[in-house]
J.: 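I am attaching a structure below and will ask some questions about it afterwards.
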Amino acid sequence: MLIDLKDKVAIVTGAGRGIGRVIARTLADEGAIVAIVDIRQDLLDDASMEWLEAGLPGARLLADVRDAAQVSAAVAAIDEQFGRVDILVNNAGVAAGARVDKLSEEVWDANFDTNTKGGFLMCQAVSPIMQRQGAGRIINAASFAAIIPSIGSAAYAASKSAVVQFTRVLAGELGPFNVTVNSYSPGMIPTDMNGYAHLPEARKQRLLDTLTLRRWGEPQDVANLVCFLASDLAAYVTGASIDVSGGKFATQIPSVAYE
Ligand SMILES: NC(=O)c1ccc[n+]([C@@H]2O[C@H](COP(=O)([O-])OP(=O)(O)OC[C@H]3O[C@@H](n4cnc5c(N)ncnc54)[C@H](O)[C@@H]3O)[C@@H](O)[C@H]2O)c1
């Protein structure tokens, strides 16, 4: 059986760059009509060029997922243009951190406003459309930080743990409407968000030592999982939180297998 998203209408937030951009392109390559939402016009323009060159259908919308009015306007515009929303990927996120002693209220709020509230607002706007359709897929970006957090990530890890529980509650509420709601937890995917690619060599090796597969993740690794969750193949998966981390800490010291 193949993944077939032909003519499904998908929204991917934070799709101007990084993992979200690859998720959007992967869904489009599987036949979906993808509406890309981002807070940055320059990133949207860049994505538009890619879509135009590849001749892919879809839409680009400038919106801040933290703002309820912008979110409902964006979702209403997509519903009006395409008549439905089959897939929502809440990928937009920020990762600001500091040790708790030094953690400012602004940084705390920044994490929760985008990572937690942003996803909630998007789900609230899309939910009536999916209920009307009697079908839908909601896929929320959590993080490995929601499984095992790291020092300095209190705000980020707490905001992403909230995403996991929010996902389970919404899965329960939307089950009767045949709408599935899942979250996924990427491990270490080098992007502009985290600068893994530019770390000193010794630190890179220390991080790689935590991985069963001992390689950095690619945005495509995450996009493949999201694509599966968006498809009919995942019809019986809901309320789940799926780790896509190359087996980070699957065992206590994964590097022993490489010695
Ligand atoms: N890269 C990793 O290793 C990793 C690990 C775990 C989880 N994640 C999660 O995956 C998602 C994508 O991460 P990434 O590494 O691609 O990050 P990134 O910073 O490269 O991309 C994030 C995108 O979200 C957009 N965005 C930020 N705030 C927004 C807002 N308020 N409204 C709309 N768009 C907004 C940005 O403009 C950007 O295009 C995030 O939710 C992140 O927490 C990433």
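In each ligand, atom 1 is the first atom listed, and ligand 1 is the first ligand listed.
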J.: Mark yes when over 12 heavy atoms from residues, nucleotides or ligands other than Arg168 sit less than 6.0 Å from its CZ; otherwise mark no.
T.: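 No, not enclosed.
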J.: With sequence neighbours left out, what residues match Arg60 under salt bridge (Lys or Arg N to Asp or Glu O under 4.0 Å)?
T.: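 By the salt bridge (Lys or Arg N to Asp or Glu O under 4.0 Å) rule, Arg60 matches no residue at all.
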J.: Could you list each nitrogen or oxygen of ligand 1 that sits under 3.5 Å from a protein nitrogen or oxygen, with the atom names and the distance?
T.:
residue: ligand 1; atom: 1 (N); partner: Ile189; partner atom: O; Å: 3.0
residue: ligand 1; atom: 1 (N); partner: Asn194; partner atom: ND2; Å: 3.1
residue: ligand 1; atom: 3 (O); partner: Gly187; partner atom: O; Å: 3.4
residue: ligand 1; atom: 3 (O); partner: Ile189; partner atom: N; Å: 2.8
residue: ligand 1; atom: 3 (O); partner: Ile189; partner atom: O; Å: 3.2
residue: ligand 1; atom: 3 (O); partner: Asn194; partner atom: ND2; Å: 3.2
residue: ligand 1; atom: 15 (O); partner: Thr191; partner atom: OG1; Å: 2.6
residue: ligand 1; atom: 16 (O); partner: Ile19; partner atom: N; Å: 2.8
residue: ligand 1; atom: 19 (O); partner: Arg17; partner atom: NE; Å: 3.4
residue: ligand 1; atom: 19 (O); partner: Arg17; partner atom: NH2; Å: 2.8
residue: ligand 1; atom: 20 (O); partner: Arg17; partner atom: NE; Å: 3.0
residue: ligand 1; atom: 31 (N); partner: Asp64; partner atom: OD1; Å: 2.9
residue: ligand 1; atom: 32 (N); partner: Val65; partner atom: N; Å: 3.0
residue: ligand 1; atom: 34 (N); partner: Ile39; partner atom: N; Å: 3.4
residue: ligand 1; atom: 37 (O); partner: Asp38; partner atom: OD1; Å: 2.6
residue: ligand 1; atom: 39 (O); partner: Asp38; partner atom: OD2; Å: 2.6
residue: ligand 1; atom: 41 (O); partner: Asn91; partner atom: O; Å: 2.7
residue: ligand 1; atom: 41 (O); partner: Lys160; partner atom: NZ; Å: 2.9
residue: ligand 1; atom: 43 (O); partner: Tyr156; partner atom: OH; Å: 2.7
residue: ligand 1; atom: 43 (O); partner: Lys160; partner atom: NZ; Å: 3.1

J.: Asp192: what forms a salt bridge (Lys or Arg N to Asp or Glu O under 4.0 Å) with it, not counting sequence neighbours?
T.: Arg17
J.: Any chance the side chains of Asn111 and Ser159 put a donor and an acceptor closer than 3.5 Å?
T.: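 Side-chain D/A pair, Asn111 to Ser159: absent.
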J.: Aromatic rings Phe120 and Phe166: how do their planes relate, parallel, tilted or perpendicular, breaks at 30° and 60°?
T.: perpendicular
J.: Can you name the residues that form a salt bridge (Lys or Arg N to Asp or Glu O under 4.0 Å) with Asp232, not counting sequence neighbours?
T.: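 Testing Asp232 for salt bridge (Lys or Arg N to Asp or Glu O under 4.0 Å), a comparison that skips the adjacent residues, returns none.
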